[in-house]
Number of protein chains: 4
Amino acid sequence: LPSSLALAGARDLQAVVDEAFTAYRGVDDGEVATYIPALAEADPDHFAVAIATVSGEVFSAGDSNRTFAIMSAAKPFTLALLLQQQGPDFVFEHIGVEPTGLPFNALSNIEDPPLAPLNPMVNAGAITAVSLLQAESAGQRWTLLQNWYSAFAGEPLELMDNVYRSVSEGGYRNRAVADLLQLHDRLGASPAETLEVYNRQSSVGVTAKQLAVMGATLASGGSNPLTGQRVLSPELIDEVLAVMMTSGFYDESGWWAYTTGLPAKSGVGGGVVAIVPGRMAIVGYSPRLSPAGNSVRGLLAVQHIARELRLNLFRTAP
Amino acid sequence: LPSSLALAGARDLQAVVDEAFTAYRGVDDGEVATYIPALAEADPDHFAVAIATVSGEVFSAGDSNRTFAIMSAAKPFTLALLLQQQGPDFVFEHIGVEPTGLPFNALSNIEDPPLAPLNPMVNAGAITAVSLLQAESAGQRWTLLQNWYSAFAGEPLELMDNVYRSVSEGGYRNRAVADLLQLHDRLGASPAETLEVYNRQSSVGVTAKQLAVMGATLASGGSNPLTGQRVLSPELIDEVLAVMMTSGFYDESGWWAYTTGLPAKSGVGGGVVAIVPGRMAIVGYSPRLSPAGNSVRGLLAVQHIARELRLNLFRTAP
Amino acid sequence: LPSSLALAGARDLQAVVDEAFTAYRGVDDGEVATYIPALAEADPDHFAVAIATVSGEVFSAGDSNRTFAIMSAAKPFTLALLLQQQGPDFVFEHIGVEPTGLPFNALSNIEDPPLAPLNPMVNAGAITAVSLLQAESAGQRWTLLQNWYSAFAGEPLELMDNVYRSVSEGGYRNRAVADLLQLHDRLGASPAETLEVYNRQSSVGVTAKQLAVMGATLASGGSNPLTGQRVLSPELIDEVLAVMMTSGFYDESGWWAYTTGLPAKSGVGGGVVAIVPGRMAIVGYSPRLSPAGNSVRGLLAVQHIARELRLNLFRTAP
Amino acid sequence: LPSSLALAGARDLQAVVDEAFTAYRGVDDGEVATYIPALAEADPDHFAVAIATVSGEVFSAGDSNRTFAIMSAAKPFTLALLLQQQGPDFVFEHIGVEPTGLPFNALSNIEDPPLAPLNPMVNAGAITAVSLLQAESAGQRWTLLQNWYSAFAGEPLELMDNVYRSVSEGGYRNRAVADLLQLHDRLGASPAETLEVYNRQSSVGVTAKQLAVMGATLASGGSNPLTGQRVLSPELIDEVLAVMMTSGFYDESGWWAYTTGLPAKSGVGGGVVAIVPGRMAIVGYSPRLSPAGNSVRGLLAVQHIARELRLNLFRTAP
């Protein structure tokens, strides 16, 4: 192990978590998402920082037991399930893995001739991913996902009903996306069934600690570090993390790689999770979002920890 | 060090290089680039594989002393010089670092309102980078770059005159790119001066071994492993490698990260160089290109070595 | 009157209709629309030609009493109703009147910043137009339109139930269009109500003779030449015809103006109607469509008549 | 003749010209074009209105003998020459006639697959048109055009040297356009030769009266109403006017047809010319431009006259 991590033992990790929490708790830039009414009810002052290591230690500060909507931070885990069911070639061929250079909710790449890659981290690709999951019935599609997420977290995760209702109303852009995908024969289930499960997926409630453990299950090679359960084959995690690295922050993915160098994913619920392969996951949670829809304090906290612990994957110096 | 690399000592690295060479020497898919006449003269059967480590060892097989045009594989090194001169914020603000989701020679991102990021790995951003280098005179701009590349290689690199002449004729798309950049006040030098230096940059001749040493200078934290010369500040290499990871293969960058997980860059001259931070650089060279403009045998060789040595940066399992 | 029309009295008009019918009845290029199943059932050999003059004479040949689906040929008449209700400025501001340079079912112009014109002749603008009609109830929206069309035809027009059912199933692109319009606050009614009426509008059955009388009501300045009923204010017809001229054939509107020089509109049901201001309307009907979705024999017949009677609006010579 | 024009005899035309001049001389909205320095020197208060009839009468008010740069108002006349040399099919196939839905200086339609129509009224298509003129030498290409324009005007037209020098410097967007056209094998002459002649074409000096006579030569069926010289075959004028109608005002062409209903073309030199087939041409000239680059007072004057004389081509009522 590099000396930086050897030094970063249990006491140090708690210290750096506390440090990140203290450093950014006073930042009140950004705005709570309002386009989904239930998200607008979140307390803008909530703030949590958490680390979960591959050896099962969890360090946290702030509102780390507060439940929030996972939103787009669910996408890497759905991708993981599709990879487990269908393999990397299937995902590459049916969805694609290229950065789109477009906002998360773009439509144009659905229409480009012949049929452009969609990427599982943006809405069009993530909706496609949900539809392509092998399920024996409409009802089972959601159960499958809920159980899958829970296995990553090491405990049962529940739907936030008020978020689900709120996400389901309106959502005209995602409806348009699903209709276009259907038009181009890219969905494995009906637009209605697909969107229902996709909306449920977005409405899963997690705490910062739970999201950190979900991330640590990826970081550890697919075994949940708390329960010991093997959730995902280790050889599929490379692909999940690669897609997070190149596309996890939509049209700010390049900026994130340039400044932080870790695979990560954020959600408009205020959560962000970064993966350090073989080591840990780092989570920040706070509802105020940047104009691009990322948690302001969440990003700052994750970047702080990555910098202090020298976790940038592109780092060449000791 | 992970056991995989501990095992991969000098003898093993030569063995894996030989293995990659033998495995793919019979592949004759792809076509030599013809849109630049001088490149069309390359012998399609040339094939070389090379590794240079951060400790200064070089392993190679095939035509590894054969000189070829560096073409776009020069872009990361020009980016490195601009970072050294102006810093990461300047590059972020004046060029941008987002994957474009577009082909290497796209124009539309130059025009998108207000002014979209260009990315130093695609032509528009790379041309901008050349123009923004601080130089005391038009003539010095090229000298500066040539010396910079030579410091990375550890020996003087020369212009391939026939390639330079061939690249300079025609080139209507790059002329259009430079004119548009000038129109939008993004260039630091005139379109003519910029294109002349950009065309010279593309026409630098390298061998597979030299390109591997150039890469190893990045992998080592900025010190040339052969000459010991410190070329680049170590803290700037994170940024170079991040941009290579998210954008090094244009609109196939996502695919490369998904399958290989290493920062890399290819050129239509047939070279490809991948960087393993803190460890080594891997080079493949062969003129036959895939439809996307990447060396067929070059990519196969690099992927083979990365797989055998377990070098994927996203790897979580031992 | 120019001598050409003075000569083209009643006998001559029947002669030129017969001539056009005879000249193109043997043409069997093109394919019946299949993406709407009910349209695919049309007999591809049906062919009708009709002229209705502003003085109430109707000349026809072929299957001119055969009912077919009006489809997009309804769009100018819906535009006329919206103009009557809301005036030209409202249409200009809420829909727009620019040629889009895009196919009839394009999405990109809905999304362009800030909000690009849609044009009432393409689906996005035509769907918007339906939603902006002032109606006292959801049910009345359709009744209003049906009565309006019937007033143009001078007799009651009926819904083709099988077409309506067929158009209503599927239709994923129009659903996506309506969802996007709703997202951008451009609809005056819900997407569901709007699409239902839009689909009914497309499913109105007309004969070639009826469509010719509808067109003649425009040509005459808004009075139905058969019934004498004033349907539309004369000063609003300039705007209807202008939009037909610049956009009536989608991304072939320029070609139509270049070759024929008359405001016209076609539908994938196989009908096409051209307006000669102050004089007449010319209709061709035949189900086989060109790749762009226009009736092959319909266009040929209308062009033949326009050429023979020298009706091109851009004509400068006697 | 409709009664409106029968009434509009010589005395009436002078009266309506005077009326338009008086009505808008106080309008000082808009800005003189500054992106071409020589145009910025124009006196913003200059204002002229002129009508030239097909019988050779010329009516004018204001600065109607003041010379200004024809700029894009030259495009229809170059199109006319290409039609005369090569015929309508050639223009349709090699340039295209569709409205682009894009600004006058757009690039994207040059690149759309396979190769989208360009339209002779926008820069890309107009530059192509210049290159496709049959000329025996580079020098003759310009002489040919200058003589052609002069025949339309009925007297020799001269290059405005200061405008030509000013247009030739800079012009980065047109250089990019020409480079892209060359890249796609669409030019009939080198980019340099083409741009030189295109820039000369734009720099031709005309007065409002001269431009009106040029327009009247189109309106009359191709014979100059002052000199009696047959310049253009009458059957080709339909095509010129059709393209002006659908595309003469770039991305405001739909608006112009909707409000005015006449084929017309404007230039950033401040001139605008509208054609009334078989009757007359109407010219407005004033340097202050709307944001879209059209002469504010010029448009108002032409619209006033068209409205007063009931010249809208789509007019159905007497």
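In what follows, chains are A, B, ... by sequence order, proteins preceding strands, each numbered from 1.
Both the backbone and the side chain of A:Pro234 come within less than 4.5 Å of a heavy atom of chain B. Using a 4.5 Å cut-off between heavy atoms, A:Ile275 makes no contact with chain B at all. Looking at A:Leu83, the atoms closer than 4.5 Å to chain B (heavy atoms on both sides) all sit in the side chain, from C-beta outward.
For the atom pair CZ of B:Arg307 and CG of A:Asp238, the computed distance is 12.0 Å after rounding to the nearest 0.5 Å.
Contact count versus chain A (heavy atoms, under 4.5 Å) is highest, among B:Pro277, B:Ser247, B:Ala219, B:Pro263, for B:Pro277. Counting heavy-atom pairs closer than 4.5 Å to chain B, the top-ranked of the candidates A:Ala242, A:Ala257, A:Ser220, A:Gly221 is A:Ala242.
Among all heavy-atom pairs drawn from A:Pro99 and B:Pro99, the shortest one is CB-CB, 3.5 Å. Of all heavy-atom pairs spanning A:Thr246 and B:Met245, the tightest one is CG2-O, 4.1 Å.
By the 4.5 Å heavy-atom criterion applied to side chains, A:Phe314 and B:Val240 are not counted as neighbours. Under the 4.5 Å side-chain criterion, counting only non-hydrogen atoms from C-beta, B:Thr316 is in contact with A:Leu241. Using a 4.5 Å cut-off on side-chain heavy atoms (C-beta onward), A:Tyr258 and B:Val91 make contact.
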